[in-house]
Amino acid sequence: DFMKYLITSVVIILMFLGACKKDSDSAVPDTHGNFMFVNAVPGTEQFSVRLDTNIIGSVAYGQNTGYKTFRAQKYNVVITASSNPNIVLYNEELFLRNNRYYSAYLGADSTDRGLWLFLVEDDLTPAPDGQAKFRVIDFSQGFNANRTSLGIDVYSDTFPRFFRGMTAPSYSAFVPLFQDSAYKLNIRVTDSARVLKTVDFPTQTGKIYTLITTGQPFDPARFNTITVQHN
């Protein structure tokens, strides 16, 4: 009869809606990405970072927040100086993807006042068996006698040359390193034997590193490096 038909139809509709809800729930899994902030601006100023309203923290020169995990979605990366938190220095869009790693690297030009920001994905694909890997971010701005931008090469005592002709601001891809080694990295003027700085750089098998140069490369008192270990 009609009532029996109507009740059956309602039950079928409710079952269909329930199935759709389950399908919808499973189609939108709870995914998460990872984000880190690194302060590579020489001086005493601390800088703060947040993703939308999620406060990650304030860090001093040479420090980082470590990776923090957030739901995978679009965010605005907002950076302020702790001395003047009402002035937004950067407001950059970032889409955190599932199981990916991202970092904001804040650096400065040779005056230490003009700021640079790299907002990049960190490729934490495991190094080949028995190896580590690293990259260089160059925030060390210098000028040659003819006022052209200084380029730097990165060598080591056991490897001819890792990187050539980097100028601030720039960053390299990751390259492999031998396992459990104690490198002495030599930062030189491009295509020159002149060594601007020697950096002790011990590595462990399977680890991933970023070496950041900061300051004035022709001034030994101001030319420094920061090492970030990603895993």
Side-chain angles (χ1 to χ4, degrees), residues 35-51 55-68 76-94 102-122 134-154 162-174 185-190 194-199 201 209-230:
F35 177 81
M36 173 172 62
F37 173 63
V38 182
N39 177 8
V41 179
T44 59
E45 182 68 82
Q46 294 193 9
F47 293 90
S48 301
V49 64
R50 68 179 189 267
L51 296 187
I55 297 174
I56 297 177
S58 298
V59 292
Y61 169 68
Q63 303 299 310
N64 66 76
T65 61
Y67 286 111
K68 308 295 183 183
N76 285 325
V77 179
V78 180
I79 297 174
T80 58
S82 297
S83 62
N84 197 348
N86 295 321
I87 301 297
V88 174
L89 302 174
Y90 287 96
N91 187 345
E92 301 290 332
E93 189 175 284
L94 174 67
Y102 301 85
S103 294
Y105 299 88
L106 186 67
D109 65 13
S110 58
T111 69
D112 292 340
R113 292 188 296 273
L115 299 180
W116 293 319
L117 178 69
F118 284 136
L119 194 57
V120 300
E121 180 175 354
D122 298 325
F134 89 118
R135 71 172 170 205
V136 171
I137 294 179
D138 180 21
F139 282 143
S140 55
Q141 186 183 40
F143 297 94
N144 299 305
N146 62 0
R147 299 306 297 165
T148 59
S149 294
L150 172 72
I152 61 171
D153 295 349
V154 181
F162 288 109
F163 305 108
R164 177 184 180 275
M166 297 187 67
T167 58
S170 64
Y171 62 93
S172 72
F174 285 96
L185 298 180
N186 298 316
I187 301 174
R188 306 183 188 180
V189 175
T190 294
R194 180 179 178 182
V195 176
L196 299 169
K197 191 174 186 66
T198 299
V199 181
F201 197 70
Y209 306 89
T210 292
L211 179 75
I212 307 170
T213 64
T214 71
Q216 167 51 258
F218 289 124
D219 182 352
R222 295 175 58 198
F223 189 26
N224 292 299
T225 62
I226 300 165
T227 299
V228 177
Q229 181 176 311
H230 293 272

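Using a 4.5 Å heavy-atom cutoff, the side chains of T210 and F174 are in contact. Side chains of I187 and T225 form a contact here, defined as non-hydrogen atoms less than 4.5 Å apart. Using a 4.5 Å cut-off on side-chain heavy atoms (C-beta onward), Y105 and L117 make no contact. Side-chain atoms of Y67 and H230, non-hydrogen and from C-beta on, do get closer than 4.5 Å to each other. Taking 4.5 Å as the limit, every side-chain heavy atom of V59 sits out of range of all side-chain heavy atoms of Q46. When side chains are defined from C-beta on, V78 counts as touching R50, because their heavy atoms get closer than 4.5 Å. Taking 4.5 Å as the limit, some side-chain heavy atom of V77 sits within range of a side-chain heavy atom of L51. Within the 4.5 Å cutoff, side-chain heavy atoms of T214 are placed close to those of I226.
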CA sep, side-chain torsions, deciding dist, call: Y171, V136, side-chain contact (heavy atoms from CB on, under 4.5 Å): CA-CA 6 Å; Y171 62 93; V136 171; over 6 Å; no
Verdict with reasoning, I152 to V189, per side-chain contact (heavy atoms from CB on, under 4.5 Å): CA-CA 5 Å; I152 61 171; V189 175; over 6 Å; no
Residue pair F162, F134: steps toward the ring-ring contact (aromatic ring centres under 6.0 Å, His included) verdict: CA-CA 10 Å; F162 288 109; F134 89 118; 5.2 Å; yes
Stepwise side-chain contact (heavy atoms from CB on, under 4.5 Å) test for L119 and Y102: CA-CA 7 Å; L119 194 57; Y102 301 85; 5.9 Å; no
Derivation of the side-chain contact (heavy atoms from CB on, under 4.5 Å) call for T213 and M166: CA-CA 11 Å; T213 64; M166 297 187 67; over 6 Å; no
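Surrounding OH of Y90 are more than 12 heavy atoms belonging to other residues, nucleotides or ligands, all under 6.0 Å away.
Note on ring orientation: taking the six-membered ring where Trp is involved, the planes of F201 and Y209 are perpendicular (angle over 60°, cut-offs 30° and 60°). Ring geometry, F139 versus F118: the interplanar angle falls under 30°, so the pair is classed parallel (tilted spans 30 to 60°).
Counting all heavy atoms, side chain and backbone alike, D138 lies closest to T167 at OD2-C, 3.2 Å. Contact between E45 and S83 at its shortest, heavy atoms only, is OE1-OG, 2.6 Å. Here the closest non-hydrogen pair linking A104 and F35 is CB-CZ, 3.8 Å. Listed here is the closest heavy atom pair of W116 and A108: CZ3-O, 3.3 Å. Taking both residues in full, the closest heavy atoms of L89 and A81 are given as CD1-N, 3.7 Å, listed atom of the first, atom of the second, then distance.
T190 and D153 share a side-chain donor-acceptor pair at under 3.5 Å. For the residue pair Q216 and S140, no side-chain donor N or O sits within less than 3.5 Å of a side-chain acceptor on the partner. Looking at R135 and S172, their side chains never bring a donor and an acceptor atom within 3.5 Å of each other.
Residues F218 and F143 place their aromatic rings such that the two centres sit no closer than 6.0 Å.
Here OH of Y61 is found 12.5 Å from OG1 of T44. Values are rounded to the nearest 0.5 Å. Annotation: the span from N144 atom CG to S149 atom OG amounts to 8.0 Å, rounded to 0.5 Å. A distance of 11.5 Å separates CD1 in I79 from CG in N76, rounded to the nearest 0.5 Å.
The closest donor-acceptor contact from the side chain of Q141 to the backbone of S110 lies under 3.5 Å. Remark: side-chain polar atoms of R188 are not paired, donor with acceptor, to backbone N or O of K197 under 3.5 angstrom. No donor-acceptor pair closer than 3.5 Å links the side chain of T198 to the backbone N or O of N186.
In summary, of the residues considered (T65, D122, N64), a side-chain hydrogen bond (donor to acceptor under 3.5 Å, both in side chains) with S103 occurs for D122 alone.
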